[in-house]
There are 2 protein chains.
Amino acid sequence: MRLVIATCSVDYAGRLTAHLPLATRLIMVKADGSVLVHSDGGSYKPLNWMSPPCTLTVAEPDDAERADGVTAVWTVQNGKTDDRLVVRLHEVAHDSSHDLGVDPGLVKDGVEAHLQVLLADQVETFGAGWRLVRREYPTPIGPVDLLCRDDEGVAVAVEVKRRGEIDGVEQLTRYLELLNRDPLLAPVRGVFAAQEIKPQARTLAVDRGITCLTVDYDALRGVDDPSTRLF
Amino acid sequence: MRLVIATCSVDYAGRLTAHLPLATRLIMVKADGSVLVHSDGGSYKPLNWMSPPCTLTVAEPDDAERADGVTAVWTVQNGKTDDRLVVRLHEVAHDSSHDLGVDPGLVKDGVEAHLQVLLADQVETFGAGWRLVRREYPTPIGPVDLLCRDDEGVAVAVEVKRRGEIDGVEQLTRYLELLNRDPLLAPVRGVFAAQEIKPQARTLAVDRGITCLTVDYDALRGVDDPSTRLF
DNA sequence: ACCTTCATGTCGAAC
DNA sequence: GTTCGACGTGAAGGT
């Protein structure tokens, strides 16, 4: 990894065009050739970047650029698309290279998959007498998160989300439409289960006769059997 | 901005929990206190990070940590949420600080807004005799990108996207449902216009009687009047 | 290779 | 401050 701190201007052309005026920034060149241009604030997202596969070419500035104070022109060209990043370096305050090796990678826990496992294991969260038909119940347009039968034996399709938004309601609606064509299942009710449900999503769901349920992840985990843990 | 290259392990706890085993990485500390942990590959996204507002606290390792080779423990605590990042430093290969100043920021072009302006200006792209009623036509659930009248005077709602996907068709469908309740407008047709329309989105649109139109951004720009340019 | 869904999404703008 | 949709979304997993 090469780290350069320099005053520079940056131009990107690809899916859009973007320009960064002259300022001091960090330019990070990774081992795979990818380049990240960071300012000293904001978020984890670089101001500009080029994703691998790409190649970095260093060129001398032309006369006009040199007159502007440009000391080097870096062109980063994507290997697949015609995306291109051009960094015009002026003053370089720092330049160092480091051998980092390959990273062993990240271990995660707590995402939607886990919420789905917990709910599958605790179907009574939806109501007494409910039972799980199956998790990831297949349909032609994709699997429904949970298919259940309520205490009266009525089929219920459950869509699980960490955050319930309008897209999730649309998704569940499409599933319900399909499932209700199956005479062995129909009528199929819908339940939209999430840690948090946005008002607009809730309104749309209720309007379509879908039941909304906000679930407490920590509470589910609390009564969780360790053997069902993902990790 | 402070740049540290060190062997380290990292733990994050917040919306999820995540762990990074011991390896050599770049730790970037920005002026606003935010921290990014990068490996020497992958994408522009850090392996782990903490967004501002947050505060970095440096502590001595306890005996067990010291026995493991830990030389310092950095705790990055988010100021609003209970998100927390803990970086345990072992060997430090590089440590430097740099004053970058405030960044003037990015100038963009070529996004959906521009496409919408261009189409509003060249409604004849949809067909001869079409006229624009208005851009950003308001409805209770948000503005329709373009409302037009075709050559026969029939109202047409146009949804503009850079990439046409299933979400956009759903969005347009909701608009059409609402607009068709207005006796002054009904019947309202729908047009789904995008630089690129995904097959599934096209199928859904056609199934709902929505016309699909792939638009050529460069061609629209070519005949574009400079006064309508966003920049 | 294509398509779908998830994300510690992030980000900006309207409300 | 909250809610919403766009993003150079990126990244992972399934067909």
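Residue numbers begin at 1 in each chain, while the letters A, B, ... track the order of the sequences.
The distance from atom CG of Asp83(A) to atom C1' of dG10(D) is 14 Å, rounded to the nearest whole Å. Glu136(A) places its CD atom 11 Å from the C1' atom of dG13(D), with the value rounded to the nearest Å. The distance from atom CD of Glu196(A) to atom P of dT8(C) is 15 Å, rounded to the nearest whole Å. Atom pair Lys108(B):NZ and dG12(C):P shows a separation of 8 Å (rounding to whole Å applied). Rounding to whole angstrom units, CD of residue Gln77(B) and P of dT8(C) are separated by 19 Å. As rounded to whole Å, 12 Å separates atom P of dG10(D) from atom CG of Leu36(A). Rounded to whole Å, the distance from NZ on Lys198(A) to C1' on dC15(C) is 15 Å. Arg162(A) has its CZ atom 17 Å from the P atom of dT5(C), to the nearest Å.
Asn78(A) places a side-chain heavy atom less than 4.5 Å from the side chain of Met50(A).
Within the structure, a side-chain polar atom (N or O) of Arg15(B) is placed less than 4.0 Å from OP1 or OP2 of dG9(C). For dC6(C), neither phosphate oxygen OP1 nor OP2 lies less than 4.0 angstrom from any side-chain nitrogen or oxygen of Arg163(A). Contact check, Trp49(B) against dG9(C): no side-chain N or O comes under 4.0 Å of OP1 or OP2.
Of the residues near DNA chain C, Leu85(B) and Gln171(A), the one whose nearest nucleotide (by heavy atom distance) lies more toward the 5' end is Gln171(A). Comparing Arg174(B) and Lys45(A) by the nucleotide of DNA chain D that holds the closest heavy atom to each, the one mapping nearer the 5' end is Arg174(B).
Looking at heavy-atom distances under 4.0 Å, Asp167(A) makes no contact with the nucleic acid at all.
Taking only side-chain atoms of Tyr44(A), from C-beta outward, the nucleotide of dC6(C), dG10(D), dT10(C) with the closest atom is dT10(C). For Glu159(A), the side-chain atoms get nearest to dC6(C) when compared with the rest of dT10(C), dT8(C), dC6(C).
For Lys45(A), there are no side-chain hydrogen bond (donor to acceptor under 3.5 Å, both in side chains) partners two or more places apart in sequence or in a different chain.
For dG8(D), the base is stacked against the aromatic ring of Tyr12(A), per a cut-off of 5.5 Å between centres and 30° between planes.
Distance check on atom C1': dC6(C) versus dC7(D) gives 15 Å, rounded to whole Å.
Note on Asp40(B) versus Arg25(B): no salt bridge recorded, every NZ/NE/NH1/NH2 to OD/OE distance being 4.0 Å or above. Between Arg88(B) and Asp11(B), at least one side-chain N (NZ, or NE/NH1/NH2) sits under 4.0 Å from a carboxylate O, which counts as a salt bridge.
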Listing, residues 201-211 of chain A side-chain donor-acceptor contacts under 3.5 Å, not counting sequence neighbours, or none:
from      : atom 1 : to        : atom 2 : distance (Å)
Thr203(A) : OG1    : Pro199(A) : O      : 2.9
Arg208(A) : NH1    : Glu170(A) : OE1    : 3.0
Arg208(A) : NH1    : Thr173(A) : OG1    : 3.0

